[in-house]
Amino acid sequence: MRMKVQLSVNGRNIEGEFEPRTLLVDLLRDELRLTGTHVGCDTSQCGACVVHVNGRSVKSCTILVAQTQGSQVQTIEGLADGEKLHPLQAAFKEEHGLQCGFCTPGMIMSSVDLLNRNPDPSEKEIRDWLEGNLCRCTGYHNIVKAVQTAAKNMRN
Amino acid sequence: MYKFNYQRPNSVEDALALYKTSDDPKFVAGGMTLLPTMKLRLAQPSDLIDLSCVADLSGITETDDTITIGAGVLHADVAASKEVDRRIPALSNLAESIGDPQVRNRGTIGGSIANNDPAADYPAGVLGLNATVVTDRREIMADDFFTDMFETALLPDEVVVSVRFPVPKRAAYVKFPNPASRYAIVGVMVAECDSGIRVAVTGAGPCVYRFTEMEEALNKEFSPQVTGEIACEPDGLNEDIHASAEYRAHLVGVMVRRAVAAAN
């Protein structure tokens with residue numbers, strides 16, 4: 001039985017009929033072609049699929065579209081202001097916070113949530129916060145640096 | 001995932017009515033355990049009844065000697081609650097230590113205790129702090145609630161409404177997390193309640209349990225030194241690729257000592 005769901009994705013109204021078992025990440029990638037949100041592990045561990053639902057970072061591989069009825073969803077594609085990168089996107093570029101880039105959308109969406117709650121996090125707070133985001137290339141140092149740089153730029 | 005129907009009632013009454021009319025339903029709150037289980041096809045409910053819009057399950061309330069947390073309150077909101085932090089900081093630390101931020105943004109206290117994963121954190125908090133589980137039809141003391149691995153005293157159609165924590169004189173939760181999943185390999189809540197010291201251990205055995213010999217010793221003298229005098233036996237403890245029963249037994253002693261030191 002398909003069910004009607006209405007939500008907003010990056011400010012765009014989405015209405016459709018979905019099978020209840022449709023995951024949010026499948027709607028984003030397969031139907032809306034927002035392929036910036038990645039699927040790494042598909043078991044809610046790696047964090048490559050992190051998006052925001054009503055301002056909170058969540059793993060989009062472990063939430064049903066049905067559960068987002070009436071919600072505001074933001075993905076990595078919704079961060080930049082036209083050509084102008086979000087300060088976190090710019091800082092990841094500046095500080096070499098990525099190598100292969102697979103984990104980066106999730107890292108950035110997770111970090112946006114952190115900086116919204118805590119504009120001046122310590123290094124430990126950043127590392128603790130990114131516990132649910134795995135990177136297999138960088139060793140995390142430049143990711144942490146990128147978040148610190150972005151935090152500084154956003155405060156100024 | 002196998003196919004299922006999805007319902008999102010707004011009241012406990014409606015949730016119970018839907019439960020009655022479905023073949024093989026399951027309640028879902030945050031879904032942080034149930035959805036991965038369904039993705040692995042280890043669970044196949046005919047209907048998911050989503051409790052996240054039931055207003056009666058929300059909110060944190062405070063009286064002179066208790067904190068009551070709605071079953072639908074997210075781990076992140078318990079961790080961020082000023083009331084919880086002021087009255088029972090051990091509980092706020094416990095919530096902050098669960099999983100990762102994204103799990104804490106979806107997972108709920110009601111879902112965690114109803115699932116009763118042997119390595120979950122909240123069961124140790126609820127049992128250690130001598131909380132009362134309030135359901136749609138009765139109140140269940142923590143000592144009677146957690147019955148076995150993934151088993152509780154809840155009836156199949158019974159909904160947890162809230163959990164009422166008496167404010168302890170002092171308490172601390174310390175865990176040795178699995179570095180990948182952040183589940184407790186061993187987690188210990190030590191609390192001084194009106195009835196005396198309580199020590200609840202999660203992660204070590206098939207189900208959260210009270211370490212009564214340790215409680216007796218700590219009732220005589222509440223100090224980290226005392227904890228070393230009580231043997232932690234590996235018999236009946238969990239054994240897996242992460243830790244042997246002997247290692248878990250050792251960790252129980254270490255975690256109790258650290259929790260006592262932190263509560264002191």
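Per chain, numbering begins at 1; letters A, B, ... match sequence-line order.
- You'll find the side chain of B:Asp100 stays beyond 4.5 Å of the side chain of A:Gln45, heavy atoms only.
- The NZ atom of B:Lys3 lies 5.5 Å from the CZ atom of A:Arg21; values are rounded to the nearest 0.5 Å.
- What you find for B:Gly99 and A:Glu131 is that their closest heavy atoms are O-OE1, 3.8 Å.
- With contacts defined as side-chain heavy-atom distances shorter than 4.5 Å, the pair A:Gln67/B:Arg106 qualifies.
- With a 6.0 Å radius and a threshold of 12 heavy atoms from other residues, nucleotides or ligands, B:Arg258 has its CZ atom at or below the threshold.
- Residues B:Asn105 and A:Ser57 meet the side-chain proximity criterion, which asks for heavy atoms closer than 4.5 Å.
- The distance from the OG atom of A:Ser44 to the CE atom of B:Met32 is 6.5 Å, given to the nearest 0.5 Å.
- B:Met1 is listed as a side-chain neighbour of A:Leu23, based on a closest heavy-atom distance under 4.5 Å.
- Side-chain contact between A:Thr62 and B:Val103: absent, with no pair of heavy atoms (C-beta onward) separated by less than 4.5 Å.
- Taking non-hydrogen atoms and a 4.5 Å limit, the residue list of residues 4-23 of chain B in contact with chain A, ordered by number, reads B:Phe4, B:Asn5, B:Tyr6, B:Arg8.
- In terms of the ring-ring contact (aromatic ring centres under 6.0 Å, His included) criterion, A:His52 has no residue partners (sequence neighbours excluded).
- For A:Asp42, the parts lying near chain B are the backbone and the side chain together; criterion is any non-hydrogen pair under 4.5 Å.
- Heavy-atom contacts from other residues, nucleotides or ligands closer than 6.0 Å to CD of A:Glu95 number more than 12.
- Atom CG of residue B:Leu35 and atom CD1 of residue A:Ile63 lie 8.5 Å apart, to the nearest 0.5 angstrom.
- Around CZ of A:Arg155, the count of heavy atoms belonging to other residues, nucleotides or ligands within 6.0 Å exceeds 12.
- Contact annotation for B:Leu74: only side-chain heavy atoms (C-beta onward) come within less than 4.5 Å of a heavy atom of chain A.
- Heavy-atom distances place both the backbone and the side chain of A:Val58 under 4.5 Å from chain B.
- A donor-acceptor contact shorter than 3.5 Å links the side chain of B:Lys39 to the backbone of A:Cys61.
- When heavy atoms are compared at a cutoff of 4.5 Å, B:Leu40 does not approach chain A at all.
- Counting heavy atoms of neighbouring residues, nucleotides and ligands inside a 6.0 Å radius, atom NE2 of B:His250 does not exceed 12 of them.
- Across B:Pro101 and A:Gly132, no two heavy atoms sit closer than the pair CD-N, 4.5 Å.
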